[in-house]
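Written out below as structure tokens is the structure these notes cover.
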Number of protein chains: 2
Amino acid sequence: MKSTEIKEAALKFFTIHGYEGASLSQIADEVGIKKQSIYGHFKGKDDLFLQVLRDAKDTELSSKLTYFQSTLDEAPEQSLYGYLQLVIDLFQKNEHLKFWLRMSFFPPAHLAEAITEEVVDLEDQMQVVIEKRFSEWIEKGLIHNSDPSIPALAFIGVVDSILLELVYVNDEKRLCKKLEASWSIFWRGISS
Amino acid sequence: MKSTEIKEAALKFFTIHGYEGASLSQIADEVGIKKQSIYGHFKGKDDLFLQVLRDAKDTELSSKLTYFQSTLDEAPEQSLYGYLQLVIDLFQKNEHLKFWLRMSFFPPAHLAEAITEEVVDLEDQMQVVIEKRFSEWIEKGLIHNSDPSIPALAFIGVVDSILLELVYVNDEKRLCKKLEASWSIFWRGISS
DNA sequence: TCGAATCTAACGAACGTTCGTCAGTTATCT
DNA sequence: AGATAACTGACGAACGTTCGTTAGATTCGA
């Protein structure tokens, strides 16, 4: 399917150069067609971008939800630490997550509204799932706290700081040190 | 001084639209001159950008170093929490920090090398200062740990997660909740 | 002190290039 | 034969950049 190839190339260049910096001719070159041919598959640049955005969102959301579904019976320590490693994996394996991050933080101005809508939706869904899990752990006495939203938000903070490190400079050594540091302090902070 | 005005306008548009998305005519319009006149003050777009970048770096670095200098005798709890609030303040008061973050994460490809050099330099300087402070606190028994780099990296992680929240959606309520959550867990994790 | 020379900062016009987009044509395959 | 998907060609607009020029201020020697 050619439109899939086009979307993959678009994802790549949008990720590297941003919306304004990525050109249709670059994308077409990557696929091996002329830029005008893209209009046979998409209405225009905006249409292509928004389809890539929704694909990236679906990919990311289902990966994360599937993970949490598969660790229902694990202890908090395994489940949470595994999630951090999943995020690192997702980031390094494919470009969807990096694209998603770039467009969440710095969306092209004329599409900011549509993008923010998708971002908030995904963010809320994840927070609900994580918070529910924490409240179960608190009931079982595995986690020290009364309000589940506090450790949940703190954990999302740890995830964010790791993501930021990944975007920053992808230095394996530095990443590991930071992961271990943040995780050990976080775990000591929430364990009962 | 006109070149200062130009740099301020450039900072604004580079922050909103990125390097590729910001045009010299926009910037010139903001100042009230024609785009050609910019070439009387700067060699070109790259030159303008790099000067703005270095200004932003200087501003940020000196703000942070000055803060740490001024809290030499404070307890770790006050000093660290105050730093978090300083960062929030810097972000909301002027655009330098947002510009700096955008260009650290997603630099224009053809200037990536020059930008990364500045970023790493600033990052290293801050880490040295913070780590030194933590090792003093550990010596005094105020902080639970043997290796000062662990709480230091974890703290930088908390700072990062707050920065990310600021970039994300600037919702005051959400920011406060996240700050309190991350801080309380972090503090419980490092205090002895 | 006065005019000449130099400097400053802006200007309009145009350069070549690239952008996204639209229309019409050709090739390929059921 | 009809449909799909690529193609060629062209469009106006915008981009960063260079050029030559103008108007006003500053400097300086006679």
Side-chain angles (χ1 to χ4, degrees), chain A residues 1-56 95 99 102-103 106-115, chain B residues 1-56 95 99 102-103 106-115:
Chain A
M1 199 63 77
K2 258 291 160 57
S3 70
T4 309
E5 274 185 64
I6 296 174
K7 282 194 285 186
E8 279 170 8
L11 175 75
K12 173 177 168 182
F13 286 106
F14 282 142
T15 304
I16 301 175
H17 299 112
Y19 178 88
E20 294 92 350
S23 72
L24 293 182
S25 44
Q26 271 183 320
I27 295 168
D29 269 5
E30 177 90 356
V31 182
I33 59 174
K34 298 289 170 186
K35 65 171 175 173
Q36 300 96 316
S37 306
I38 293 177
Y39 285 78
H41 303 270
F42 303 93
K43 288 182 191 168
K45 195 181 186 182
D46 284 4
D47 182 36
L48 172 58
F49 176 84
L50 289 174
Q51 291 205 32
V52 172
L53 182 79
R54 273 155 203 151
D55 282 4
E95 300 227 70
F99 169 84
R102 175 160 199 164
M103 297 313 157
F106 306 111
H110 73 290
L111 297 176
E113 207 167 340
I115 295 173
Chain B
M1 199 63 77
K2 258 292 159 55
S3 69
T4 310
E5 275 185 64
I6 296 174
K7 284 195 283 185
E8 279 169 9
L11 175 74
K12 173 177 169 181
F13 286 106
F14 282 142
T15 304
I16 300 176
H17 299 113
Y19 179 88
E20 294 92 351
S23 73
L24 294 183
S25 42
Q26 269 183 322
I27 295 168
D29 270 5
E30 177 91 356
V31 182
I33 59 174
K34 298 291 169 185
K35 63 171 175 175
Q36 307 92 305
S37 306
I38 294 177
Y39 287 79
H41 303 270
F42 304 93
K43 287 182 192 168
K45 196 181 185 182
D46 284 4
D47 182 37
L48 171 57
F49 176 85
L50 288 173
Q51 291 205 32
V52 171
L53 182 80
R54 270 152 205 153
D55 282 5
E95 300 227 70
F99 169 84
R102 175 161 201 164
M103 298 312 157
F106 306 110
H110 74 289
L111 297 175
E113 207 167 341
I115 295 173

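Lettering of chains follows the sequences in order, A, B, ..., and the numbering in each one begins at 1.
Note: CZ (Phe42(A)) to P (dT21(C)) measures 13 Å, nearest angstrom. To the nearest angstrom, C1' of dG20(C) lies 12 Å from CZ of Phe14(A). Spacing between atom CD1 of Ile33(B) and atom P of dT8(C) amounts to 17 Å, rounded to whole angstrom units. The interatomic distance linking Leu48(A) (CG) with dC19(C) (C1') rounds to 15 Å, in whole Å. Rounded to an integer number of Å, the gap from His17(B) NE2 to dC19(C) P is 19 Å. Per the geometry, NZ belonging to Lys34(A) stands 15 Å off P belonging to dA10(D), to the nearest Å. For the pair Ile38(A) CD1 and dA5(D) P, the interatomic distance rounds to 15 Å; values are reported in whole Å.
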Let me have a per-nucleotide readout for nucleotides 23-30 of chain C, 5' to 3', with B, S or -, counting only protein heavy atoms under 4.0 Å.
-> --------
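Looking at every heavy atom in both residues, Tyr39(B) comes nearest to Gly44(B) through CE2-CA, 3.8 Å. Closest approach of Ala22(A) to Lys45(A), counting heavy atoms only: O-NZ, 2.9 Å. Across all their heavy atoms, Leu50(A) and Ala114(A) have their closest contact at CD2-CB, 4.4 Å. Across Ile38(A) and Leu24(A), no two heavy atoms sit closer than the pair CD1-O, 3.6 Å. Across every non-hydrogen atom of Phe14(B) and Arg102(B), the tightest pair is O-CD, 3.9 Å. The two residues Ala9(A) and Val31(A) have their closest heavy-atom pair at CB-CG2, 3.8 Å.
We find the CG-CG distance between Leu48(A) and Leu53(A) to be 11.0 Å, quoted to the nearest 0.5 Å. The CG atom of Leu11(A) sits 10.0 Å away from the CZ atom of Phe49(A) when rounded to the nearest 0.5 Å. Here the OG1 atom belonging to Thr4(A) is positioned 10.0 Å from the CD atom belonging to Gln51(A), to the nearest 0.5 angstrom.
Taking side-chain N and O atoms only, Ser37(A) has no distance below 4.0 Å to OP1 or OP2 of dA5(D). Contact annotation: His41(A) side-chain N/O to dT4(D) OP1/OP2 distance is not under 4.0 Å.
In this structure, Pro108(B) and Ile115(B) have side chains that are in contact, with non-hydrogen atoms separated by less than 4.5 Å.
For Tyr39(B), taking side-chain heavy atoms from C-beta onward, the closest of the listed nucleotides dT17(D), dA6(D), dA10(C) is dT17(D).
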For Glu5(B) and Ile33(B), run side chain to side chain contact (heavy atoms under 4.5 Å, CB included): C-alpha distance rounded to whole Å, both residues' side-chain angles, the deciding distance at 0.1 Å, then the answer.
-> CA-CA 11 Å; Glu5(B) 275 185 64; Ile33(B) 59 174; over 6 Å; no
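For DNA chain D, the neighbouring residues in residues 1-11 of chain A, judged by any heavy atom under 4.0 Å, are Lys2(A).
For residues 10-24 of chain B, the pairs satisfying side-chain hydrogen bond (donor to acceptor under 3.5 Å, both in side chains) are Lys12(B)-Glu30(B), Tyr19(B)-Asp46(B), Ser23(B)-Ser25(B), with sequence neighbours left out.
By the side-chain hydrogen bond (donor to acceptor under 3.5 Å, both in side chains) test, Lys7(A) is found to be paired with Asp55(A), residues two or more places apart in sequence or in another chain being considered.
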Polar atom pairs (N or O), protein with nucleotides 22-27 of chain D, under 3.5 Å:
none

Short heteroatom pairs, N/O only, protein and nucleotides 11-15 of chain D, under 3.5 Å:
from    : atom 1 : to       : atom 2 : distance (Å)
dC15(D) : OP1    : Ser23(B) : OG     : 3.1
dC15(D) : OP2    : Ser25(B) : OG     : 3.1

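Gly40(A) comes within contact range of no nucleotide atom at all, as no heavy-atom separation falls under 4.0 Å.
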